[in-house]
Amino acid sequence: MSKDYYKDLGVDKNANADEIKTAFRKKAHEHHPDKGGDEAKFKEINEAYQVLGNAEKRKQYDQFGSSFQNGQAGGGSYGQGFGGFNGGMNINMDDLGDIFGGFGDIFGFGGSSSSQRGPEKGRDLEMSLAIDFLDAVHGTETEITFPHLKKCSVCQGSGHAPDAKITSCSTCKGSGRVTRMQRTILGAVQTQATCPDCQGEGKKASADCKHCHGQGRIRETESIKVKIPAGINQGESIRLAGYGDAGEKGAASGDLFLRIRINAHANFKREGDDIHTQTEISMVQAALGDTINVDTISGNFKLKIPEGTQGQTIFRLKSKGVPHLHGRGQGDHFVRVKVLIPKVLNKKQKDLLSQLNL
Ligand SMILES: [Zn+2]
Ligand SMILES: [Zn+2]
């Protein structure tokens, strides 16, 4: 028989994952059997959330309705959790954990069940690095110093004393996880949890590493050399894989992201990979033409000013800009010329100018 899970949770068919979660929490509170709620209703809500709270199951449900749960149990992607509904129920403790703190006893969970997932990967870290304009343009190598949790060098992150005897955990038989089946007012509840004896490692050591007190990692300030690639721009990040926090008990380390800030330059302005500058020429240079020296990021450039150059003309120096960070080539350099009109002229200069009679 088909059920309307959306109606059970009181959400719209187009509700997003957050809305579904919020609705579930609200309803679950409302019908909490411990607080005198209706047990059957509570079960219904849980069932609805098992499906709608899971993107894949929700898609299937939208397509086929709930009737598939009996017929196709055990097959396809719903797996065991879905088929098990007739007798028991699988509870996603991530979603229930914090609101059902008081419920813990029934489920056989103590407190923060959601974090019981075995050794966690280390956190990613971010720091900003200010570099000079021309270093960003040409690339450079610099040393950075940063604090992070580093893998313990004595135990290589395991947290075990080097001479400790390692044995397979008898509680979980080395799997790191334990399954519990309990009869509750909601029926049989099967829960999976990280093994409390070995914290998910599957093995136990006779002694902890003294250096890191069994944590496998230690807070340290580290200095490393970093290559800054030519062409990097404001706000871009360099990822230093593995230089974030070390993971718990030898789990993978996070990454360190270096966010680049570029100091302004007195002369050069950068837009993307193009450079913009201004230069001044005299009225005579503009009228008669000349060759002038222009500073570019790669040194001096002789720029030919053709005769009759107007004020605010922009000259493009092709490929004299910043090297592209991704791919070959460089941006351009644009020079805007300002034509200076003399403010003070002597009598002779004035006479000469008026003779031009332009
Ligand atoms: Zn250690
Ligand atoms: Zn264990």
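Because the structure is predicted, anything quoted here is derived from the model rather than measured. Whatever order the structure lists them in is the order used to number ligands and atoms, beginning at 1.
- If you look at the Zn ion (ligand 2), the protein N, O or S atoms less than 2.8 Å from it are Cys169 SG, Cys172 SG, Cys195 SG, Cys198 SG.
- Taking the charged nitrogens against the carboxylate oxygens, Glu56 and Lys59 have no contact shorter than 4.0 Å, which rules out a salt bridge.
- Atom-to-atom distance recorded for Glu126:CD and Leu258:CG is 9.0 Å, nearest 0.5 angstrom.
- One finds no salt bridge joining Arg270 and Asp274 here, because no Lys/Arg side-chain nitrogen approaches an Asp/Glu carboxylate oxygen to under 4.0 Å.
- The aromatic rings of Phe334 and His276 sit parallel, their planes meeting at an angle under 30°, below the 60° perpendicular limit.
- Ring-plane geometry between His333 and Phe268 is classed as perpendicular, the angle between the planes exceeding 60 degrees on a 0 to 90 degree scale with a lower cut at 30.
- No donor-acceptor pair under 3.5 Å is formed between the side chain of Thr313 and the backbone N or O of Thr309.
- A salt bridge links Asp332 with Arg316: the distance from a Lys NZ or Arg NE/NH1/NH2 to an Asp or Glu carboxylate oxygen falls below 4.0 Å.
- Protein N/O/S atoms closer than 2.8 Å to the Zn ion (ligand 1): Cys152 SG, Cys155 SG, Cys209 SG, Cys212 SG.
- In the hydrophobic clustering of ILVMFWY residues, with side-chain heavy atoms under 4.5 Å counting as a link, Leu352 and Leu340 come out apart.
- Here Phe42 and His31 keep their ring centres 6.0 angstrom or further from each other.
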